[in-house]
Student: 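Below: one structure in structure tokens.
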Amino acid sequence: MSSERGTTSEPGRNVAAPGSQLPKAYVPADVESRIYECWLAADVFAPDGAGANSEPGKEPFVVIQPPPNITGALHLGHALTLTLEDVMVRHARMEGHPTLWLPGLDHASIAAQYVLDKIIAADGETRESLGRERYLERMWTFINETREVMLGQERRLGASADWSRLRFTMDEGSAKAVRVSFKQLFDEGLAYRTEALINWCPGCRTSVSDLEVIPTPETGTLWTIRYHLVNETTGAPDPDAWIAVATTRPETILGDTAVAVHPEDDRYRDLVGRKVRIPFVDRDVSVIADAVVERAFGTGAVKITPAHDKDDHQTGKRHGLPMLTILGDDATISGSGTEFDGLDRYEARKRLVGELEAMGDLEGARPHEMILGRCQRSNDVIEPRLKTQWFVKTEPLAASSLEATRGGRTTIVPTRFEKTWEHWLTNIHDWNVSRQLWWGHRIPAWYCPDGHVSVSSEIEGPAACDTCGRPASELTQDPDIFDTWYSSGLWPFSTLGWPDDTDDFRRYYPGTVMETGYDIIFFWVARMMMLGIHLAEKPPFRKVYLHGLVKDPTGQKMSKSKGNIVDPLEAIDQTGADALRFALLNGTSPGNDQKFSSERLEDGRNFANKLWNATRFVLGARPASIDDARASRRESPDPAQLGPAEQWVLARAAATVAAVDRAYEDDNFGEATRVLYDATWSQYCDWGIELAKVRLADGSLPDAAREATWWSLVSALDTYLRLLHPIMPFVTEALWASLPHAEDDPELLIVARWPRVGKAAAATDGVVDEVLTLIRGIRNARAEAGIEPGRRLAASIRAPAEMAGVLSALQPAIDRLARVDSSLSDAAATEADPSGRLAVLAGRVSASLDPAAGDSAGASEEVAARERQRLEKELAEVQARLDGARSRLANPRFTERAPAAIVEGARKLEAELAEQSARLRAQLGA
RNA sequence: GGGCGAUUGGCUCAGUGGUUAGAGCACGCGGUUCACAUCCGCGGGGUCACUGGUUCGAAUCCAGUAUCGCCCACCA
């Protein structure tokens, strides 16, 4: 294997030598950066890296990430995205797939300009004062700073992305893809330039797409205004005849070109076709009939301003009305030819209303709840207005996207988002891609003095006008740039070399899974899908995985303005990257929002610490008979030497592999996390290690037995660390390095093999569980009776003969874990316990404990009373369950219709409960 | 106006038809056992939002209602 980019043997040694002792405390900061350096040095991130170690014949696994905006620091949402993607990639890598996770950053044109505008404002500068060229220079300086910060943050989180392929949506590869794709769309008639009503943000001074307009509820005013009818003979407005219109935007009166009423509205039937005079502009316009008018709303008559309202625009088009623009780019009144020209839209509104009132034409004004469109970026009220801009025709693209999801070529996780997807793509409008901004890809369209359009995919532009052949020198390029999502939409293939026919493109397109938050399903996912199918001829990914949003502990969306942001870096500093990743995964499910709190971080930190200490114990517990040399190679525990506890430990590990595999199949990483937390903590540590301690400490056993116990612990721990690696990569890598490895293991866990589901659980599995229940029962009885934890009690344990083998093997463990000195007997030899003893029932096993202190006879009154109480409680529970089981069995419809296995189970249960009930009664002397 | 989601112990969440609904945190009691007090043991705590239906059996399936949240939408 090549080692030009770093040796494959060094890194492991840098982590820790196998068998070496671990420091007493786990300090993530001491481990994480060192581990990351090891991965980098081993060159394992690239699918074809020197240490990538993928299995021949395995399909590449390609994860597509939303490149974060290059505007500054990462937030928790990014951390969640990166964590999920990293989990997927690490899992696939361990399964032997060549994995491609191509990292990148988005130039975020409008968002970046918004941020930069604020920064330069602090220096007293503006976009205009700098000019296009200097502004863009300033932008490059800015993003060159943020870039490194952001990439550093991604690494600290553990992202195992292929940094050698880092891309940026403003690099030349993206630029070329933008030009070529747009040229193609233009040639196909899918990109066109037209004057249309667009969403104008007066603050950002650009148009924005429908998606960037946030409908915001607001209490406005609904004014009722009289438009006087024009006398048909004199041509003068009639002071006594008018039609009253209702409006929330009086300033648009200046652009009115009609008044509409409902065609079947008897109140206005006679007025249709008449003229009314628009105040201030003294324009006579027609009263028209159109079914869009809601008769019940306002006065039932609507003023029509086709150049400044979406509905009115449609109405205007239907009726061939003139469309008068009366607002400038800065949202001041402009071109109305009135005294209001130059006034801000709201100032003009105020004055207009005042004057109307003075004229006696203001009939009324009342508060009105309404929805206002505001700019997603600047929060300015969006102004619909006419502009000549570039659009992408979406219907055919949307149709093939729908085909891809309906046909299952691309699936969406969780599936409920398919409905949203369907609805949006079915009702999609053409996409306005022009932006009147500077930071972004310039639209590759040139215009000649005769108005001909030439679109070119060449970096220098067209040599001459495509239509009339005028030379390039006479052409001018469109000053606008593309919507930032246009280049993002090309991401899955522009990053692989498209439009060139590259090896990367052939090998890694389409991607396996595209992972992102559901909040950008339209902005980004749908656009990638539409453009990918059309331009790269295949849906860009096979699976869409959508995660939920990270909210603050009260369920509020995190935002800078609310001040409830959690900085992922701070979290990592405090508790480690593994803890953060754990916190982001544990207790979550696909597509569902999560509330993030510091408690969850602590859970993760505690868990990492637990793993650390468990491993530390295992390393320190190695039997002396295994010397350092032997301990450097992992051995399988000798099957002949396995006791019930060892079999149990191995069986639990095997069951965990199966459960985790199932969780991955279901794309449920929260479930995988939960399963592993429980398996390692509540099973492996609480029982596996505790049981093993007994045997490891038993000098009377042959070396081979103790060795088997230790190898069992090592084997299970090895499995758990592998399973946990995608979730908590740093601590698992560090710990795994210190464990003995198998012959064919690589140096680093990151490229170690994912565990395979082992053989079926050992036959003793269920019996061991009964013993654990017994131990718990004894502990409970002791605690309830108030017996000092340290005191050893004499216990006689009874169990059916078939359990005798396991029981005697585990007797020392029972004694240690339950603090008893036990004697075993056959269950058949049962007789009522002498009074004053504690009775413990655990399924088929029972125990009788003597609570008396070693030197004094008989239990105290208090202990006896508490014991009686406990037994009564237990009896009540058993009895309730027994009654339930009996009534179920007494129901013939149950016994007839329920599956045989269920009925059989109920019978067995009934028998068991009856037996327990009887024993408890006997014990209580009832 | 349409659609989606949530509603389970004090809190955060699992659990999609089958015995006794789970976990972590918080809470109470007890613990310096030689991996871990970022820990260990034990315990209390839920009529699974409500109503009706399907079923031998419902937190789980169906219908409806309520509350909260989100998305989409051209009543000025």
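Source: prediction; values computed, not measured.
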Student: Compare the minimum distances between each of B:A35, B:G18, B:G43 and the side chain of A:Glu690, then state the nucleotide with the smallest one.
Tutor: B:A35
Student: So A:Ser917 and A:Leu875, do their side chains get closer than 4.5 Å, heavy atoms only?
Tutor: yes
Student: Consider the side chain of A:Arg779, meaning its heavy atoms from C-beta on, and name the nucleotide among B:G41, B:U38, B:U12 that approaches it most closely.
Tutor: B:G41
Student: Distance check needed: B:U33 P versus A:Asp815 CG, whole Å only.
Tutor: 19 Å
Student: Between A:Lys908 and B:U19, is there a side-chain N or O to OP1/OP2 distance below 4.0 Å?
Tutor: no
Student: What is the distance from CG of A:Asn586 to C1' of B:G24, rounded to the nearest Å?
Tutor: 7 Å
Student: Categorize A:Pro892 for me: base, sugar-phosphate, or nothing, with a 4.0 angstrom heavy-atom threshold over every strand shown.
Tutor: nothing
Student: Would you indicate what A:Arg600 reaches in the nucleic acid, counting non-hydrogen atoms under 4.0 angstrom: base, sugar-phosphate, or nothing?
Tutor: sugar-phosphate
Student: Name the closest nucleotide to the A:Asn592 side chain, picking from B:G43, B:G5, B:C39.
Tutor: B:G5
Student: Remember a base hit wins even if backbone is also touched, and classify A:Asp519 as base, sugar-phosphate or nothing at under 4.0 Å, heavy atoms.
Tutor: nothing
Student: Would you indicate what A:Ala898 reaches in the nucleic acid, counting non-hydrogen atoms under 4.0 angstrom: base, sugar-phosphate, or nothing?
Tutor: base
Student: Can you tell me the pairing partner of B:G17 across any strand shown, Watson-Crick or G-U wobble, with both distances under 3.5 angstrom?
Tutor: none
Student: Provide the distance between the two P atoms, one in B:C50 and one in B:A59, to the nearest whole Å.
Tutor: 11 Å
Student: What is the distance from CG of A:Asp593 to P of B:U7, rounded to the nearest Å?
Tutor: 12 Å
Student: If you only use heavy atoms from C-beta on, which nucleotide in B:C40, B:C36, B:G44 is closest to the side chain of A:Lys24?
Tutor: B:C36
Student: In whole angstrom, what separates A:Phe582's CZ from B:U12's P?
Tutor: 18 Å
Student: Ion pair present between A:Asp821 and A:Arg792, side-chain N to carboxylate O less than 4.0 angstrom?
Tutor: yes
Student: Any idea which of B:G30, B:U12, B:A35 is nearest the A:Lys595 side chain?
Tutor: B:U12
Student: Is there a donor in the side chain of A:Ser597 and an acceptor in the side chain of A:Lys595, or the other way round, less than 3.5 Å apart?
Tutor: no
Student: Please give the nucleotide sitting opposite B:A59 as a Watson-Crick or G-U wobble pair, both distances under 3.5 Å, or none.
Tutor: none
Student: Distance check needed: B:G31 P versus A:Leu817 CG, whole Å only.
Tutor: 20 Å
Student: What is the distance, to the nearest angstrom, from the CD1 atom on A:Ile521 to the P atom on B:C4?
Tutor: 14 Å
Student: State which of B:G69, B:G18, B:A35 makes the closest approach to the side chain of A:Lys551.
Tutor: B:G69
Student: Considering Watson-Crick and G-U wobble pairs with both distances under 3.5 Å, what does B:A76 pair with?
Tutor: none
Student: Any strand counts, and the cut-off is 3.5 Å on both contacts for Watson-Crick or G-U wobble. Which nucleotide pairs with B:C70?
Tutor: B:G3
Student: Quick one: is B:C4 close enough that its OP1 or OP2 comes under 4.0 Å of any side-chain N or O from A:Lys419?
Tutor: yes
Student: Counting any heavy atom closer than 4.0 Å, what does A:Ala906 reach on the DNA or RNA strands: base, sugar-phosphate only, or nothing?
Tutor: nothing
Student: Between A:Leu584 (CG) and B:U12 (P), how many Å, whole number?
Tutor: 18 Å
Student: Between A:Ala25 and A:Gly587, which has a closest nucleotide on RNA chain B that is more 5'?
Tutor: A:Gly587
Student: Is B:G44 paired to anything, Watson-Crick or G-U wobble with both distances less than 3.5 Å, and if yes, which nucleotide?
Tutor: none
Student: Given the P atoms of B:G2 and B:G15, what is the spacing between them in whole Å?
Tutor: 30 Å
Student: Indicate whether OP1 or OP2 belonging to B:A14 is found under 4.0 Å from a side-chain N or O atom of A:Ser589.
Tutor: yes
Student: Are A:Arg819 and A:Glu788 ion-paired here, with the side-chain N under 4.0 Å from a carboxylate O?
Tutor: no
Student: Touch check for A:Glu602, heavy atoms < 4.0 angstrom, all strands: base, sugar-phosphate only, or nothing?
Tutor: nothing
Student: Regarding A:Arg870 and A:Glu874, does a basic nitrogen lie under 4.0 Å from an acidic carboxylate oxygen?
Tutor: yes
Student: Considering only NZ, NE, NH1 and NH2 on the basic side and carboxylate oxygens on the acidic side, decide whether A:Arg662 and A:Glu665 come within less than 4.0 Å.
Tutor: no
Student: With C1' as the reference atom in both, quote the distance from B:C13 to B:U8 in angstrom, rounded to an integer.
Tutor: 10 Å
Student: Which letters describe nucleotides 71-76 of chain B, given B = protein heavy atom under 4.0 Å from base, S = only from sugar-phosphate, - = neither?
Tutor: SS-BBB
Student: Taking the basic N atoms (NZ, or NE/NH1/NH2) and the acidic carboxylate oxygens, is any pair closer than 4.0 Å for A:Glu784 and A:Arg866?
Tutor: no
Student: Rounding to the closest angstrom, what is the interatomic distance between B:G69 and B:G44 at atom C1'?
Tutor: 33 Å
Student: Using the C1' atom as the point on both nucleotides, what is the distance between B:A14 and B:G1, in whole Å?
Tutor: 36 Å
Student: Of the nucleotides B:U38, B:A35, B:C4, which one has an atom closest to the side chain of A:Arg416?
Tutor: B:C4
Student: Want to settle it: does A:Phe607 or A:Arg893 sit nearer the 5' end of RNA chain B, counting the closest nucleotide to each?
Tutor: A:Phe607
Student: Would a line drawn from the ring center of A:His368 to the ring center of A:Phe297 be shorter than 6.0 Å?
Tutor: yes
Student: Nearest to the A:Ile902 side chain among B:A14, B:C39, B:G18, which nucleotide is it?
Tutor: B:G18
Student: Between B:U51 and B:A58, how far is it from one P atom to the other, in whole Å?
Tutor: 15 Å
Student: A:Thr575 near the nucleic acid: base, sugar-phosphate alone, or nothing, with a heavy-atom cut-off under 4.0 Å?
Tutor: nothing
Student: What nucleotide among B:G43, B:G18, B:C39 has an atom nearest to a side-chain atom of A:Trp681?
Tutor: B:C39
Student: Looking at A:Glu671 and A:Arg674, is there a salt bridge between them, counting it only when a charged N and a carboxylate O are closer than 4.0 Å?
Tutor: yes
Student: Find the distance A:Phe617:CZ to B:U33:P and express it as a whole number of Å.
Tutor: 15 Å
Student: For B:G45 versus B:G57, give the span between their C1' atoms, rounded off to a whole number of Å.
Tutor: 27 Å
Student: Considering every strand shown, what is the Watson-Crick or G-U wobble mate of B:A37 when both distances are under 3.5 Å?
Tutor: none
Student: Heavy-atom distance under 4.5 Å between the side chains of A:Glu690 and A:Asp686, does that happen here?
Tutor: no
Student: Using atom C1' of each nucleotide, how far apart are B:G17 and B:A35 to the nearest Å?
Tutor: 43 Å
Student: Salt bridge check: are A:Glu422 and A:Lys419 linked by an N-O gap of less than 4.0 Å?
Tutor: no
Student: Could you check which nucleotide pairs with B:U65 in any of the strands shown, counting Watson-Crick or G-U wobble with both distances under 3.5 Å?
Tutor: B:A49
Student: Scan A:Arg616 against the nucleic acid and name what it touches under 4.0 Å (heavy atoms): base, sugar-phosphate only, or nothing.
Tutor: sugar-phosphate
Student: If we check side chain to side chain donor-acceptor pair (under 3.5 Å) with A:Gln594, which of these qualifies: A:Lys551, A:His547, A:Arg600?
Tutor: A:Arg600
Student: For A:Arg819, answer base if it contacts any base atom (sugar-phosphate contacts may also be present), sugar-phosphate if it contacts only those atoms, and nothing otherwise; contact means non-hydrogen atoms under 4.0 Å.
Tutor: nothing
